[in-house]
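The block underneath contains the structure these notes are about, expressed in structure tokens.
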2 protein chains.
Amino acid sequence: MPDNQELAPDAPGSDRQEQAQEKEQPRRRQARGERRIAQLLEAAAHVFCTTGYTAASTNAIAREAGVSPGTLYQFFPNKEAIAIELGDRLMHEMRETYGEALAPVDPATPVEEAVGAAVDRFIAFNCDHPVFFALMHGPDIPGRISEEHDALHATLLARITDLLSSLLPATADPADLTRTARMCLGMYKAGLELVLGHEGAEREAYVRELKNALVRYLEPLAGARLGTPARAGA
Amino acid sequence: MPDNQELAPDAPGSDRQEQAQEKEQPRRRQARGERRIAQLLEAAAHVFCTTGYTAASTNAIAREAGVSPGTLYQFFPNKEAIAIELGDRLMHEMRETYGEALAPVDPATPVEEAVGAAVDRFIAFNCDHPVFFALMHGPDIPGRISEEHDALHATLLARITDLLSSLLPATADPADLTRTARMCLGMYKAGLELVLGHEGAEREAYVRELKNALVRYLEPLAGARLGTPARAGA
DNA sequence: GACAAACGCGAGTGGTCGCTCGCATTCTGG
DNA sequence: CCAGAATGCGAGCGACCACTCGCGTTTGTC
């Protein structure tokens, strides 16, 4: 088992003459291998999506990718590593493409706009990558993914809390803020599930419904700000 | 395997002389057996609660109940039947104890009151029986439980839709009603998760937060009704 | 072309889990 | 009190799954 150092680096400290590469053991990999990895991850995404993590068998993933189980284990040390690599790539893509949704907002933007923009971005990402939802909300996910989920959860919570504290001028109790932020995130998740469960116009209607729920929940809190009475109903 | 007809009745039609009992094959069971069943179901509830359905092993359930695996299979034909019987009993108890929450409401009651009463009842039930949440929201539940969940889901949806249609006088589009009802149920589930994740005063604060979110979401829809501007904040 | 390393295969291994079977013990009706 | 049913046991069976191993094939390098 002298393979797979790239995806699952073990403890170093043995004979290593030239670490003058980029990072860690280079593990020379041909283009063919990279293609196989992408192929396997795509197959894994499909299988995870349809059956969930635990119910997904590595043999099924290999079959879906059209390779043998042995080939799969040439590139991934174990089943967990597949989910982790998949999660890492999704996380990376999300931060790259939709990172702006996490950036601090101009405190002058109305609630509707801020909520709408954030919801649109995250909904779009989740619609493009349904595996993300399966990996993040499965009850049986491996430890590493769970950590990533917690990190994302905490990040989102912090961002929402920031946004809320910019809305509530002096109502200072941070415990209230935390609860409200958690409630917002929960409502978003619930709405996301509804959105993912429908297609086309119906899906968009649910997006509007989710935005309505969030805005109506948050608007009364923004008492000190200039009200935005214009509300485009469904 | 001439046992377990009561919990898993197979196709009848064979030699049955005296069906003058109460229902189905009587399957004479001693008090000891009934006690064992209750004991096993309690153990199963605990194991399902902590590890989920699929991860729960029948041997673990038997161990938790302090009996051998063979004894477990004397009363349940298979693992699924354990979850089904547990679900049936929970469902029965819910209908018995909290069925009034599903009864039609007086159309004169304000939104806050109706929402608050329903939320309180269901939250209380779920707090008393955390297994219910685990069985209903696990992604790996067996078919029968899934059907029960769907039935409950549909019932709740129908009730919420009724309540909504009594609020919206003439805004007739039933598709909008369905979406709003689904959003309400999703918000309730999200809130329930938050509530179950906390204890004591914090838990009650989340209950209030959930009610706030639901009321604020629904209140603007009740435009034609006499408004209830008194809102007790957190 | 030759060598080595990366790639690819699929039968096989160890382990777990749902479930069974033969047998011992306890209860119930007559 | 005794025949038979209900209860109880736990080693073990078959199936499945994550993962391995030995060997054959392809690819990059000199």
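In what follows, chains carry the letters A, B, and so on, assigned in the order in which the sequence lines appear, proteins first and then strands, with residues in each chain numbered from 1.
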**salt bridge (charged side-chain N to carboxylate O under 4.0 Å, His left out) partners of residues 52-79 of chain A, not counting sequence neighbours, each pair once** = none
**Asked** What is the distance, rounded to the nearest whole Å, between atom CD of A:Q39 and atom P of C:dC7?
**Response** 13 Å
Under-3.5 Å N/O pairs linking protein and nucleotides 23-27 of chain C:
unit_1 : atom_1 : unit_2 : atom_2 : d
C:dC27 : O3'    : B:Q30  : NE2    : 3.2

**Prompt:** What side chain to side chain donor-acceptor pair (under 3.5 Å) pairs are there with at least one residue in residues 189-204 of chain B, not counting sequence neighbours?
**Reply:** A:R179-B:E202
**Protein-nucleotide distance (B:F76, atom CZ; C:dT20, atom C1'), rounded to Å** = 18 Å
**Prompt:** Do the non-hydrogen side-chain atoms of B:M91 and B:M136 ever get within less than 4.5 Å of each other?
**Reply:** yes
**Residue met sooner reading DNA chain C from 5', once B:N78 and A:A31 are mapped to nucleotides** = A:A31
**Message:** Quick one, B:L218 and B:T180 - any side-chain contact, counting heavy atoms below 4.5 Å?
**Reply:** yes
**Message:** Test side-chain hydrogen bond (donor to acceptor under 3.5 Å, both in side chains) on B:Y53 and B:E80; report intermediate values, then the result.
**Reply:** CA-CA 9 Å; B:Y53 174 75; B:E80 182 175 349; 5.4 Å; no
**Min side-chain heavy-atom separation B:L41-B:F76 under 4.5 Å** = yes
**Asked** So, is A:Y73 close to the D:dC19 phosphate, meaning a side-chain N or O under 4.0 Å from OP1 or OP2?
**Response** yes
**Message:** With the threshold set at under 4.0 Å for non-hydrogen atoms, list the residues of residues 43-56 of chain B touching DNA chain C in residue-number order.
**Reply:** B:A56
**Request:** Give the rounded distance in Å between these two atoms: CD1 of B:I37 and C1' of D:dA6.
**Result:** 12 Å
**Item:** Protein-nucleotide distance (A:L40, atom CG; C:dA6, atom P), rounded to Å
**Value:** 18 Å
Detail all sub-3.5 Å separations between protein N/O atoms and N/O atoms belonging to nucleotides 9-16 of chain C.
unit_1 : atom_1 : unit_2 : atom_2 : d
C:dC9  : OP2    : A:S68  : N      : 3.1
C:dC9  : OP2    : A:T71  : OG1    : 2.8
C:dG10 : N7     : A:S68  : OG     : 3.3

**Asked** Counting side-chain heavy atoms from CB outward, which of C:dC19, C:dG8, D:dA18 is closest to A:F75?
**Response** C:dG8
Enumerate, atom names and distances included, each donor-acceptor pair closer than 3.5 Å involving a side-chain atom of residues 137-144 of chain B, sequence neighbours excluded.
unit_1 : atom_1 : unit_2 : atom_2 : d
B:D140 : OD2    : B:T54  : N      : 3.4
B:D140 : OD2    : B:T54  : OG1    : 2.1
B:R144 : NH2    : B:D88  : OD1    : 3.3
B:R144 : NH2    : B:D88  : OD2    : 3.4
B:R144 : NH2    : B:E148 : OE2    : 3.4

**Item:** pair B:L152-B:F132: side-chain heavy atoms closer than 4.5 Å
**Value:** yes
**Message:** Output the rounded distance in Å from CG (B:L72) to C1' (D:dT7).
**Reply:** 13 Å
**Complete:** Rounded to the nearest 0.5 Å, the OG1 atom of B:T58 sits from the CG atom of B:L72 at a distance of 6.0 Å
**Prompt:** Within the distance-only criterion (no hydrogens, no angle test), does the side chain of A:T50 pair as donor or acceptor with the backbone N or O of A:V47 below 3.5 angstrom?
**Reply:** yes
**Item:** Flag side-chain contact, heavy atom, 4.5 Å: A:Y188 against A:L156
**Value:** no
